[in-house]
Every structure is written in structure tokens, then in C-alpha cells.
Amino acid sequence: MGKSDTSVLLERRSQDGQVWDSVKKTAFVLGTGLLTFAAFRNTVTWHLQRFWGASGDFWQAQWGKLHSYYGGNELALYCLGAMVVPSLSFWIYNAVLMMIDLTGKPSIITRYRIQPGKNDPVDPGKLKHAVKVVFFNQVFLSFPMVLFMYMFMQLRGNPCGTELPTFHWVLLELSVFVLVEEILFYYSHRLFHHPSIYKHVHKQHHEWTAPVGVVSLYAHPLEHIFSNMLPSMAGPMLMGSHVATIMLWFCLALITTTISHCGYHLPFLPSPEFHDFHHLKFNQCYGVLGVLDRLHGTDLVFKQTKAYDRHILLLNLTPLTQSIPEPTKKSE
């Protein structure tokens with residue numbers, strides 16, 4: 001056997017080993033997920049369901065009062081749950097972040113900045129422009145789409161019925177929403193990165209290589225419709241969800257995407273390293289959960305960086321840029 005044959009054989013064995021390693025890791029993740037879900041369902045959900053309010057009686061009573069207050073006006077209830085409350089949650093959270101970004105204070109927060117020296121403080125003019133675009137997208141695109149969603153949901157059933165869904169059903173729906181969003185967002189996002197589309201549409205969002213929270217909805221109208229709104233709306237439309245579940249999901253989705261763009265890896269909050277790296281490098285980390293990125297190999301560069309090591313839930317008060325610093329460049 002010649003050297004070339006030997007090298008080819010070794011390369012094939014290496015590739016086979018990588019594939020097998022990936023299969024084992026995937027099986028481990030799925031198996032762990034199933035066991036965790038079973039444990040979660042049998043223990044934690046019992047306690048959470050009690051918080052939900054004695055089998056839902058507490059929240060059911062509050063919903064009944066709200067329903068009576070609006071005289072059963074379902075459109076008003078739907079707009080309140082699917083538009084007003086999620087929008088307030090988005091802007092309240094981002095108002096706090098914008099004050100921090102504009103002033104560079106307090107240091108107890110800014111010390112957790114993912115890209116040190118960037119947006120420290122943020123350019124007021126650039127931020128003002130982003131806020132105007134986000135406001136336009138919400139008022140003239142998001143709100144009409146949610147109204148269309150209401151008409152569609154009426155065909156599915158009664159989205160503002162007097163009876164709230166059960167706690168376990170809400171958990172199931174949220175699981176479906178997350179899965180649907182991951183699939184639709186990943187592929188629509190990659191589509192907008194196609195060279196023939198990127199410069200006309202998605203480039204606007206990538207003006208921020210070091211993003212801030214409000215930039216999560218800073219996008220071209222086409223991108224906002226197909227990549228921001230539809231992936232979040234599709235799950236509830238598929239499941240025929242109650243407006244209470246839609247309200248919870250939209251609030252979670254908006255807060256989560258804000259965290260992903262905020263530029264700070266804060267303690268006890270989900271890691272934003274994954275999407276922050278996407279803004280830094282453009283051609284990595286397209287998804288939300290990272291599942292499809294692993295499947296398609298669009299996280300390989302990310303995995304070779306310190307950002308990947310920092311992509312964890314921070315459970316102490318030491319910034320990860322200190323505990324896991326970037327390697328120092330060797331002077332030539």
C-alpha cells in the first residue's frame with residue numbers, strides 16, 4: 001500500500017470517526033433531553049402548576065375578570081394580548097438597555113460586554129435611527145400581521161375563549177413554537193444571506209457588527225415579515241392557540257431576541273454569545289437554538305473560538321471575558 005493510499009485511508013477513518021462522534025453526541029443530547037423532559041414533567045411541572053394557581057383557578061379567575069371588563073370584545077382582548085403586552089415588554093426592557101448603552105453606566109452591567117470597547121457608549125444618532133426603523137416595523141408591519149393572524153385564528157376556533165388552556169398544554173404548545181421558529185428562522189435567515197439577496201435586504205440588519213438590544217427588530221421590511229414575524233406566528237397559527245398562550249410566547253420571543261442582541265453576557269440569563277458571533281462574522285450561527293447549525297455545519301468556526309467556550313449560562317458574577325479571555329496575540 002502506497003503513502004497516498006495510506007493517507008486516504010487515514011482520512012476516511014478520521015471522517016468516519018467524526019461522523020460517529022457526531023451521532024453519539026446527538027444521541028446523548030436527545031437521550032438527555034428526553035430524560036430531562038420526563039423528570040421535568042413529573043417534578044418541576046407539579047410545583048409550577050401549583051404556582052399557575054390551584055389547577056388554573058387563580059389565572060382563570062383573572063382572565064374571567066378581564067373578559068368581563070372588555071364585555072367579551074374579542075378583538076380588543078386579542079390586541080391587548082398579542083400586541084400591547086408584548087410590545088410593552090419589549091420597549092420597557094430595551095429602554096433600560098438603551099440608557100445603559102448611551103451612558104456606558106453602570107459599570108456593574110457594562111463589565112459584561114461581549115465585545116469590549118464596542119458601543120461604549122453607543123452612537124446616539126445611529127441608535128435613534130434604529131429605534132425609528134423598529135417603531136416603523138412594529139406599527140406598519142407587525143400590527144397588521146397580528147390582525148391578519150386574528151382573522152385566521154377565528155377560522156381555527158375561538159382564540160379569546162373564556163376558558164384558559166391547561167398548564168401542560170401550554171408547555172406542549174411552547175415546545176412546538178420553539179421548534180417551528182427554529183426551522184423557519186434558520187432557513188429564512190440563510191436565504192437572506194444569499195449574495196443576490198443579502199445586499200438588498202439583510203445587510204441593513206448587519207450594519208451592527210456589535211448589536212444592541214433594540215437592533216433585534218432593526219431590519220428591512222421583507223426580512224421583518226419573513227424572518228422576524230412569520231417564524232414566531234406560525235406555531236400559534238398551527239396549534240390554534242389561545243390568546244393567553246400567544247401573549248406569553250410573543251413576550252418570551254421578544255425578550256429572548258433582545259437578550260441575543262443586547263451585547264452583554266449577564267449572569268443567570270441565556271447566553272447571547274451565539275448570535276453575537278453571527279453579527280461579528282456573518283456566515284456562522286444562523287439559528288436560534290443552534291440545532292440546525294450543528295446539522296448543517298454552520299457553527300464549525302464558532303466552535304473553534306473562545307466565544308464558544310463562553311456560550312454557557314453564567315452562574316457567578318465574574319464576567320466570562322475575564323474567566324475565559326481571548327488568547328493574547330504573539331508579537332512578531
Side-chain angles (χ1 to χ4, degrees), residues 45 48-95 134-185 188 216-217 221 224-258:
T45 53
L48 291 177
Q49 190 169 14
R50 291 189 66 187
F51 171 75
W52 190 264
S55 299
D57 289 344
F58 173 77
W59 296 110
Q60 182 62 59
Q62 306 314 307
W63 173 249
K65 292 177 182 178
L66 189 64
H67 208 280
S68 298
Y69 178 80
Y70 282 95
N73 187 330
E74 294 190 352
L75 179 59
L77 287 166
Y78 191 88
C79 290
L80 177 67
M83 294 184 190
V84 178
V85 174
S87 296
L88 283 175
S89 69
F90 176 83
W91 284 110
I92 290 173
Y93 189 30
N94 276 284
V134 171
F135 188 75
F136 174 88
N137 285 344
Q138 285 191 317
V139 173
F140 296 103
L141 298 175
S142 295
F143 290 171
M145 290 184 72
V146 172
L147 286 175
F148 168 79
M149 182 181 175
Y150 170 70
M151 292 185 287
F152 177 86
M153 299 294 279
Q154 282 189 311
L155 299 177
R156 294 292 313 274
N158 185 4
C160 300
T162 55
E163 185 175 349
L164 290 176
T166 64
F167 179 73
H168 287 92
W169 181 252
V170 171
L171 285 182
L172 174 63
E173 285 189 299
L174 290 177
S175 300
V176 173
F177 299 167
V178 169
L179 179 61
V180 171
E181 182 190 41
E182 172 72 5
I183 294 171
L184 295 182
F185 180 77
S188 64
S216 55
L217 299 184
H224 186 69
I225 291 171
F226 290 104
S227 209
N228 290 343
M229 290 299 296
L230 285 181
S232 297
M233 292 169 55
M237 292 172 73
L238 176 67
M239 299 297 288
S241 301
H242 192 279
V243 68
T245 310
I246 296 172
M247 179 185 70
L248 176 62
W249 166 239
F250 281 0
C251 287
L252 287 173
L254 287 169
I255 294 299
T256 300
T257 191
T258 296

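Only heavy atoms go into these numbers, but all of them, side chains included; no hydrogens, no water, no symmetry mates.
In this structure the side chain of Ile255 reaches within 4.5 angstrom of the side chain of Tyr93, judged on heavy atoms. Counting only heavy atoms from C-beta outward, the side chains of Ser87 and Leu254 never approach each other to under 4.5 Å. Residues Val134 and Trp91 have side chains in contact (heavy-atom distance under 4.5 Å, counting atoms from C-beta outward).
The shortest non-hydrogen separation linking Pro236 to Phe177 is N-CE2, 3.3 Å. The two residues Val243 and Gly81 make their nearest non-hydrogen contact at CG2-CA, 4.1 Å. Of all heavy-atom pairs between Ser241 and Ile246, the closest is O-CD1, 3.8 Å. Scanning all heavy atoms of the two residues, the minimum distance from Phe185 to Ser188 falls at O-OG, 3.2 Å. Annotation for Ser216 and Asn228: closest pair O-ND2, 4.0 Å, computed over non-hydrogen atoms. Across every non-hydrogen atom of Pro86 and Leu80, the tightest pair is CD-O, 4.2 Å.
Annotation for Glu163: atom CD does not count as buried by contact number, only 12 or fewer foreign heavy atoms lying within 6.0 Å.
The CG atom of Leu184 sits 9.5 Å away from the CG atom of Leu179 when rounded to the nearest 0.5 Å. In this structure, CE in Met149 is found 10.5 Å from CZ in Arg156, a value given to the nearest 0.5 Å. The CD1 atom of Ile225 sits 7.5 Å away from atom CG of Leu230, with the distance rounded to the nearest 0.5 Å. Of the inter-residue distances, the one linking Met83 atom CE with Ser142 atom OG reads 9.0 Å to the nearest 0.5 angstrom. Distance check, rounded to the nearest 0.5 Å: CG of Leu155 to CE of Met237 gives 9.5 Å. His224 NE2 to Met229 CE: the interatomic distance, rounded to the nearest 0.5 Å, is 5.5 Å.
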Margin query: Pair Leu217, Phe136 - check side chain to side chain contact (heavy atoms under 4.5 Å, CB included), show working.
Written below: CA-CA 10 Å; Leu217 299 184; Phe136 174 88; over 6 Å; no
Next item on the list: Evaluate side chain to side chain contact (heavy atoms under 4.5 Å, CB included) for Asn73 paired with Leu75, printing each intermediate quantity in order.
Entry: CA-CA 6 Å; Asn73 187 330; Leu75 179 59; 3.7 Å; yes
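The ring-ring contact (aromatic ring centres under 6.0 Å, His included) with His242 is formed by just one residue from the set Trp59, Tyr78, Trp249, Trp63; it is Trp63.
Proximity of a side-chain donor or acceptor of Gln60 to a complementary backbone N or O of Leu164 within less than 3.5 Å is detected. Under the 3.5 Å distance criterion, the side-chain polar atoms of Thr256 are matched with a main-chain donor or acceptor of Leu252.
Side-chain contact of Asn94 with Thr258: a donor-acceptor pair under 3.5 Å is present, judged by distance alone.
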